[in-house]
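The analysis underlying the following values was restricted to heavy atoms, covering all of them including side chains, and did not include hydrogens, waters or symmetry mates.
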Amino acid sequence: MKSKISNKNLITSILYAVMGVLLIVLQGGSLNILMTVIGALLIVVGIVDVANKDIVKGIVELAIGVAIIVCGWLIADIVLLVFGILLIVKGFVEIVNTKRKTFMTLIVPIITIIIGIIFIVAKWALLDVLCIVAGAIFIVNAILTLASKPRKR
């Protein structure tokens with residue numbers, strides 16, 4: 001049984017594979033590129049909207065685009081810090097609220113606290129690991145898309 005690879009599946013697979021390789025190779029640096037591209041696109045869209053007399057929408061898009069390019073990592077730092085703090089608090093709340101304090105009931109809250117601490121202390125190392133995992137998922141998805149049968153319309 002031969003299955004034909006559709007052009008759509010081939011293009012989608014190539015895009016998934018490229019994204020996966022970029023995430024694995026560039027890791028956290030790929031997010032820098034992504035933020036720059038998104039910021040630049042928002043600036044261009046904002047300029048087009050202002051030129052088309054949609055002033056308020058255009059100015060908002062311009063402001064968000066500039067903020068993403070200029071403050072992107074600062075915002076990411078703050079979000080990761082807050083997320084880490086929330087995970088630590090959640091872990092402690094779970095420990096306090098646990099009726100039976102056995103190893104099995106405490107393992108999840110302890111892991112939650114550890115992950116929260118890692119988000120605060122070593123967020124960029126954790127971010128690199130997440131990028132590698134996401135890259136691997138994209139590559140697997142590329143293979144699965146390439147192996148899937150094209151849909152009939």
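Both F83 and I88 are assigned to one and the same hydrophobic cluster, defined by single-linkage of ILVMFWY side chains at heavy-atom distances under 4.5 Å. Criterion: ILVMFWY side-chain heavy atoms under 4.5 Å apart, direct or through other members. Under it, I55 and V66 are part of a common hydrophobic cluster. One hydrophobic cluster, built from ILVMFWY side chains closer than 4.5 Å, holds both L42 and V60. I95 and V93 fall within the same hydrophobic cluster, where Ile, Leu, Val, Met, Phe, Trp and Tyr residues are linked whenever their side-chain heavy atoms come under 4.5 Å apart, directly or through other members. Residue I69 is not grouped with residue I78 when hydrophobic side chains (ILVMFWY) are merged at heavy-atom distances under 4.5 angstrom, including chains of intermediate members.
Between V140 and the choices I137, I143, L144, the side chain to side chain contact (heavy atoms under 4.5 Å, CB included) rule is met once, by L144. Of the candidates D49, D54, I47, V44, D49 is the only one forming a side chain to side chain contact (heavy atoms under 4.5 Å, CB included) with E61.
Among residues two or more places apart in sequence or in another chain, the side chain to side chain contact (heavy atoms under 4.5 Å, CB included) test is passed with M35 by I68, W73. Qualifying side chain to side chain contact (heavy atoms under 4.5 Å, CB included) partners for N141, counting only residues two or more places apart in sequence or in other chains: Y16, T145. Listed by chain and residue number, V25, I139 satisfy the side chain to side chain contact (heavy atoms under 4.5 Å, CB included) test with V21 (two or more places apart in sequence, or in another chain). Not counting sequence neighbours, K57 has no partner by the side chain to side chain donor-acceptor pair (under 3.5 Å) test. In this structure, F92 has no ring pair (Phe, Tyr, Trp, His ring centres under 6.0 Å) partners at least two apart in sequence or on a different chain.
Taking CD1 of I132 as the reference point, atom CG of L23 lies at 10.0 Å (rounded to 0.5 Å). The CZ atom of F138 sits 10.5 Å away from the SG atom of C131 when rounded to the nearest 0.5 Å. With rounding to the nearest 0.5 angstrom, the CG atom of L22 is 10.5 Å from the CG atom of L34.
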Donor-acceptor contacts under 3.5 Å from residues 104-122 side chains, at least two apart:
{"from": "T105", "atom 1": "OG1", "to": "R100", "atom 2": "O", "distance (Å)": "2.6"}
{"from": "T105", "atom 1": "OG1", "to": "T102", "atom 2": "N", "distance (Å)": "3.0"}
{"from": "T105", "atom 1": "OG1", "to": "T102", "atom 2": "O", "distance (Å)": "3.0"}
{"from": "T105", "atom 1": "OG1", "to": "T102", "atom 2": "OG1", "distance (Å)": "3.3"}
{"from": "T112", "atom 1": "OG1", "to": "V108", "atom 2": "O", "distance (Å)": "2.8"}

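Closest of all the heavy-atom pairs between A17 and A142 is N-CB, 3.6 Å.
Distance alone, capped at 3.5 Å, places no donor-acceptor pair between the K53 side chain and the V50 backbone.
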